[in-house]
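What you see is a predicted model, and the numbers here were worked out from it, not measured in a lab. In the text below, chain A, chain B and the rest are named by the order of the sequence lines, each starting its count at 1.
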Number of protein chains: 2
Amino acid sequence: MTNKLNLNNLTKSEEDYLKALFQLLVEGGSAKVGNNQLADYLKVSPASTNNMIKKLKAKKYVASEKYGKLELTEEGKSIAVRLIRKHRLWETFLCNYLNFSWDEVHEVAEQLEHIKSHKLINELDRFMDFPTKDPHGEVIPNADGEYSVLPKITLSSLEEGAVCQLVSVNDASVTFLKYVSEIGLALSSEIKVLEVREFDSSIKIQFNNIEETVTRKFADNVFVKVI
Amino acid sequence: MTNKLNLNNLTKSEEDYLKALFQLLVEGGSAKVGNNQLADYLKVSPASTNNMIKKLKAKKYVASEKYGKLELTEEGKSIAVRLIRKHRLWETFLCNYLNFSWDEVHEVAEQLEHIKSHKLINELDRFMDFPTKDPHGEVIPNADGEYSVLPKITLSSLEEGAVCQLVSVNDASVTFLKYVSEIGLALSSEIKVLEVREFDSSIKIQFNNIEETVTRKFADNVFVKVI
DNA sequence: TAAAAAAGTTAGTTATGACTAACAAATTAA
DNA sequence: TTAATTTGTTAGTCATAACTAACTTTTTTA
Ligand SMILES: [Mn+2]
Ligand SMILES: [Mn+2]
Ligand SMILES: [Mn+2]
Ligand SMILES: [Mn+2]
């Protein structure tokens, strides 16, 4: 029972790797995540991830056997969640107070999430009156690291005739987010799946009296709640 | 006339060295700054500064001859001023919106000043309605990098009987700033120099009907305007 | 002005975190 | 069940930015 108040002496890179693992394992819901998959996600070489994983295993943030799949320890998860909390709070601040649009915030938040100061992030939270969702509809973990990982149902997984509400979007692609806004979709939009085309998996949807055809790739990045 | 919109591909370290040089040369008013002095200021070895100075000379941010004194080019100064602008705007934000006290802001601002986003800092400036002074009384450069470097008159430089107003304080020491607040001094305080003691250069001052004796070291970090 | 001290430089080492190339193990397909 | 492919690992290299130790140049002091 020593380090409840965690020193957090991690480098920016170590933090990024833990966050990536968390996003693949927990938020992405992948049962198994391998070294190459992590390398792919982080856009670095497999040699780099292999090397970093060794370091994180030595520090007890990651657990895995040689040639086995990667897992996060409780401590590893805790660090990742705190990073995600910071990321989403900053995104919210940029959008709600500094006139950033939802496609502009992610890149800057990638930098801001590494600022080390408990007071900073908790005061920012208070200043915004404890927001629970970020500009992309993603849940913001609270100061104790608690938050609900909503099961991510993609628009692409729905059948013809389904009616749903847009809950959140993948925040990492600027062009995707601009596209979403441009066609008139937003958080809470009510969407009806009119047609799922077998040929190319494109989907015809309806919302706000608008009809649009979107690709499978687009629909994979839109998360919904069926109603 | 190529790079008006500067890419600013500098590392955190390169930025820190340029800022340190600026603070010694321009804000500190030293006519000459040498390699070892810079090393001292940054708390790194002379070998480290020597190495970094070479890099900054290659990039045309610093000019100097071998064994000669260090100088900043216009481009070097410009980068330093932008960094100082960011630092002071963040300090102001932390103090005025996030309940930080003036002794808590410097360390966090040292991290925040390296966040790369023109929009972020200019929107933060607008959000706070373009403040001109930071919590320590230091002048905040505007978006064009313009600002007045006030001649820094230290409290220690005054003679017996002088009356002055506290304009700014050195922001880098937490214990110093706490001490300043504790004895009841603040920005704009009117101070009278009652006595300068020859023995140990300690100074007896009066302000708000309070009399205090402070050391030379203390008075060196208090900047005033004679009235 | 010669010796001592201070200031500045260079060489070589370390840690972090990338990379490529080569290789080994595990999985998938034929 | 062998062969091909994918996945994972290792070795060696590079860049950044620190360090110590040894050395040289400049400045100061006697
Ligand atoms: Mn994001
Ligand atoms: Mn987001
Ligand atoms: Mn400061
Ligand atoms: Mn300040």
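At a threshold of 4.0 angstrom between heavy atoms, the contacts of B/K54 are confined to the sugar-phosphate backbone, with no base atom among them. Residue-level contact check: A/K12 touches neither bases nor backbone, having no heavy atom under 4.0 Å from any strand.
For the pair A/K59 NZ and C/dT16 C1', the computed distance is 10 Å after rounding to whole Å. For A/K43 and C/dG17, the NZ to C1' distance is 18 Å, given to the nearest whole Å. Atom pair B/M52:CE and C/dT10:C1' shows a separation of 17 Å (rounding to whole Å applied). Here C/dA7 presents its P atom at 13 Å from CG of B/L70, a figure rounded to the nearest Å. In this structure, B/L24 places its CG atom 16 Å from C1' of C/dA7, rounding to the nearest Å. The CD-P distance, from B/E65 to C/dT9, rounds to 11 Å in whole Å. When rounded to the nearest whole Å, the span between CD of B/Q37 and C1' of D/dT27 equals 15 Å. Regarding B/K55, its NZ atom lies at a distance of 6 Å from the P atom of D/dT16, rounded to whole Å.
Using a 4.0 Å cut-off, some side-chain N or O of A/S45 falls inside it from OP1 or OP2 of C/dC19. Distances shown here put every side-chain N or O of B/Y67 at or beyond 4.0 Å from the OP1 or OP2 atom of C/dT10. Residue A/Y17 has a polar side-chain atom (N or O) positioned under 4.0 Å from OP1 or OP2 of C/dA18. Considering only side-chain N and O atoms, B/N50 lies under 4.0 angstrom from the phosphate OP1 or OP2 of C/dT9. Side-chain nitrogen and oxygen atoms of B/T11 include at least one within less than 4.0 Å of the OP1 or OP2 phosphate oxygen of D/dA17. Put simply, B/K66 has a side-chain N or O that comes within less than 4.0 Å of OP1 or OP2 on C/dT10. Remark: A/N51 is not in phosphate contact with C/dG17, judged by side-chain N or O atoms under 4.0 Å from OP1 or OP2. For D/dG8, the OP1/OP2 oxygens have a side-chain nitrogen or oxygen of A/N36 closer than 4.0 Å. Using a 4.0 Å cut-off, no side-chain N or O of B/K69 falls inside it from OP1 or OP2 of C/dA7. At D/dA18, one or more side-chain N or O atoms of B/S13 fall inside 4.0 Å of OP1 or OP2 (strictly under the cut-off).
A donor atom on one side chain and an acceptor atom on the other are not found under 3.5 Å apart for B/R88 and B/T92.
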Query raised in the report: Do B/H136 and B/H106 pass the ring pair (Phe, Tyr, Trp, His ring centres under 6.0 Å) test, and can you show the C-alpha distance, the side-chain angles, and the key distance before you say yes or no?
Result: CA-CA 10 Å; B/H136 313 100; B/H106 181 78; 7.3 Å; no
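Using modelled atom types, one side-chain atom of A/N221 and one backbone atom of A/K217 make a donor-acceptor pair closer than 3.5 Å.
Each of C/dT9, C/dG17, D/dC19 was ranked by its minimum atom distance to the side chain of A/E14; first place goes to C/dG17.
Annotation: cation-pi geometry satisfied between B/K119 and A/F100 (NZ/CZ under 6.0 angstrom from ring centroid, within 45° of ring axis).
Toward the 5' end of DNA chain C, the nearer of the two residues B/A47 and A/T49, judged by each one's closest nucleotide, is B/A47.
For A/F93 and B/Y97, the distance between ring centers is not under 6.0 angstrom.
A salt bridge links A/E15 with A/K116: at least one charged nitrogen is closer than 4.0 Å to a carboxylate oxygen.
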